[in-house]
There are 2 protein chains.
Amino acid sequence: MGERSVNLKALAAHLGLTVSTVSRALNNYPDISPATRKRVKQAADQLGYRPNQNARRLSIGTPETVCYLMPRQIGPNAQPFVAQLLAGLGEALNERNWDLLVSQADASVGDLASIERLVKSGRIAGLVISRPLKNDPRVKLMQSLGCPFVVHGRTEKSDDYAWYDVDGEDAFVTAVNHLARLGHRRIGFIGAPLQYQFAQERLDGYMRGLSHNGLAQAPELVQIAEFTDEGGTAAAGLLMDLAVHPTALVCVTDMMALGALEALHARGIMPGKDVSVIGYDGLHFGKHAHPPLTTMAQPQAHAGRRLGDMLLSIIDGADPTKFHELQRAHLVQRSTDGPVTGNAGQINVSEREDSR
Amino acid sequence: MGERSVNLKALAAHLGLTVSTVSRALNNYPDISPATRKRVKQAADQLGYRPNQNARRLSIGTPETVCYLMPRQIGPNAQPFVAQLLAGLGEALNERNWDLLVSQADASVGDLASIERLVKSGRIAGLVISRPLKNDPRVKLMQSLGCPFVVHGRTEKSDDYAWYDVDGEDAFVTAVNHLARLGHRRIGFIGAPLQYQFAQERLDGYMRGLSHNGLAQAPELVQIAEFTDEGGTAAAGLLMDLAVHPTALVCVTDMMALGALEALHARGIMPGKDVSVIGYDGLHFGKHAHPPLTTMAQPQAHAGRRLGDMLLSIIDGADPTKFHELQRAHLVQRSTDGPVTGNAGQINVSEREDSR
DNA sequence: TTGCGTGCCGAAACCGGTTTCGGCTAACGT
DNA sequence: ACGTTAGCCGAAACCGGTTTCGGCACGCAA
């Protein structure tokens, strides 16, 4: 209701000019006299004229929009990082007055088909993919469609597209190193399904950390579960019920680590004292866990911003293979890590009081 | 690069028909013979034709897009509910193949101006506003613009627009009732800045709960701070350092409650034993707090879906004032609530052992 | 045979902008 | 005084669809 917002035609009529003149005046074409340019611009923002973006973009030939593909799994333990990522993306896009679309693949259609529709319908100039699988079909699809995209995370072979990631392998080497230095020799791994590349990477890091410290790899020490707190509880339960249980646990996410803490409490085991636990993510909430969770924190404040800038560069024509940004996670020690103690029901190792 | 995706003209040429015929065939106009209709549709999805949405929407006259306005404050304690809300909104929109835009007001432009640009540029058919202020100028702006919108939350007077909210006042009455039943007579309130309507509502509920239980209102018992964990810690600190400190705290968000727990621990006070704490939100993380946080949980799983459906109805012409959906929060008891104990450094009340 | 619907498709206007091109006017040099 | 050249603006095509309208060809009844 009310009149439709003023369009170019109305503005032109109001000024006694043609639409083409007005358009060029507003877009700073050199063939418009300074006088009329000024007159046009004044009238424009006096009447509150805003160019219709659909029309403009149709004409321009670019949708001036990028899309963020939301990771599926939501539910009660929602993804806390989504908001931050969107904020960063939005910041990058705002500088150009581009729009940010979010899309979760329509369940009835399927991921791939839904992506294909999105790009073929000309709605988006680029796409952000989150948390890729080890061999993610979406990557190949986007490449075959010739549509610019960036990945938050990596796939198994990740040399021919742009990505931003935190080095999960390095992080888990660091975590294992830290635990080994505290005297732990039997370290359990709580992981996520290996179809996710991040899960594989972190497992690799765990393995490398083990051998780097001369520790044996025992298959029973790695437990895979869904990356929820319940998953962590279940996995930790299995590990602690082993004949000789580990004296430390590294967990693929903070959420799983929090779940692991529950399993320890349920068995009367004191995290950080009897058994060490290290998570991954650096979630703010970990500070309030019982006890406060030691974790490998990733610097994800800027992930969205970086991804946005990368994507825009690629849309501008830059070579996607040039953008590989690998950040490092760092250990934030809270209270769930500590030296190994003798009363752990397992091989007795010499107690040592490491300094913290 | 590559050929531009097939457009209507190409498809028509391929078929030896005109664009208008093909368009009408695809849109099931009755004046197209079943034979050619079928032929057209087959060719269309064989060539992978997808109508250009910018062009289509320009022609149709509606952007088929709604926008979610992200709440500003992000930072480390990101909004966990944003992802859930977006998922719900997306679900509702997907059924019509509408798009979901997210926008955080450009800091350099300002909320209002940025909203006005958004709707005047014809990009969106509706807007979702989150966490409104007591007297939120965005609501009036949208009304004066004549653009459909829904609000997640309410403002002070909320009868002339559509909203979905959880009854914070009722929730805090419930919380205070619960505490009073446990014997608490000196209950502190940890609140957020009262410019936010939700903060005011919950304070109102607290007050009503007090008088409903015949408890005195003491100004020093209500502390306002930023709604972060640090804010909660600070506010709780002030309250616990009072000459006669409260035996229970109700907090306006779970995040603040977690912060409050820190303040208690720092003073050697055992939450749930010496002093009760009740949060609000029902955050999943509260389960892993120390001790697990009792909270008023809001059923926000469906908020996004409901808001989306409401907004679409309004866009379809329904009366916005018809949509007022008020949900109730419910107490989820974990471990930070308990009967008042005598050793609390304050007026001795008769101990009573309430049943749990 | 003529006339008249009816079924089916093409022509063209339109959505609201952008951009190329051409022409008019005034100032300029010679 | 006259041709040239900027400077400035209008005309028109275009982006890729949708939708109204008109007309051709056919079948049917008179």
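Lettering of chains follows the sequences in order, A, B, ..., and the numbering in each one begins at 1.
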Quiz prompt | Whole-Å gap separating P (dC9(C)) and CG (L15(B)) | solution = 11 Å

Quiz item: Of all residues at least two apart in sequence or in a different chain, which pass the ring-ring contact (aromatic ring centres under 6.0 Å, His included) check with H302(B)?
Solution: none

Practice problem: Could you pick out which residue, G16(B) or L58(B), lies toward the 5' side of DNA chain C when each is mapped onto its nearest nucleotide? | Solution: G16(B)

Practice problem: Taking atom types as modelled, find out whether Y49(A) and S5(A) have a side-chain donor-acceptor pair closer than 3.5 angstrom. | Solution: no

Extract from the structure each pairing of a protein N or O with an N or O of nucleotides 17-23 of chain D at less than 3.5 Å, listing the distance.
unit_1	atom_1	unit_2	atom_2	d
dG17(D)	OP1	N52(B)	N	3.4
dG17(D)	OP2	L8(B)	N	2.6
dG17(D)	O5'	Y49(B)	OH	3.0
dG17(D)	O5'	N52(B)	N	3.3
dG17(D)	N2	S59(B)	OG	3.1
dT18(D)	OP1	N27(B)	ND2	3.4
dT18(D)	OP2	S23(B)	OG	2.6
dT18(D)	O4'	S59(B)	OG	2.7
dT19(D)	OP2	Y29(B)	OH	2.7
dT19(D)	O5'	Y29(B)	OH	3.4
dT20(D)	O4	R24(B)	NH1	3.2

Practice problem: Figure out the CZ/C1' separation between R57(B) and dG16(C), and round it to whole Å. | Solution: 16 Å

Self-check item: Gap separating the CG atom of D309(B) from the CD atom of E95(B), nearest 0.5 angstrom
Solution: 7.0 Å

Exercise. Verify whether one side chain among R123(A) and N52(B) offers a donor that lies under 3.5 Å from an acceptor in the other.
Key: no

Quiz item: How many angstroms lie between atom OG of S130(A) and atom CG of L69(A), to the nearest 0.5 angstrom?
Solution: 8.0 Å

Quiz prompt | Spatial distance of atom OG (S313(A)) from atom NZ (K322(A)) [nearest 0.5 Å] | solution = 13.0 Å

Quiz prompt | Bracket notation of DNA chain D in which parentheses pair within the strand, [ ] cross earlier pairs, and | pairs with another strand (Watson-Crick or G-U, under 3.5 Å) | solution = ||||||||||||||||||||||||||||||

Quiz item: Will you find, in the side chains of T18(A) and T21(A), an N or O donor that is under 3.5 Å from an N or O acceptor?
Solution: yes

Quiz item: Are S33(B) and T36(B) linked by a side-chain donor-acceptor pair shorter than 3.5 Å?
Solution: yes

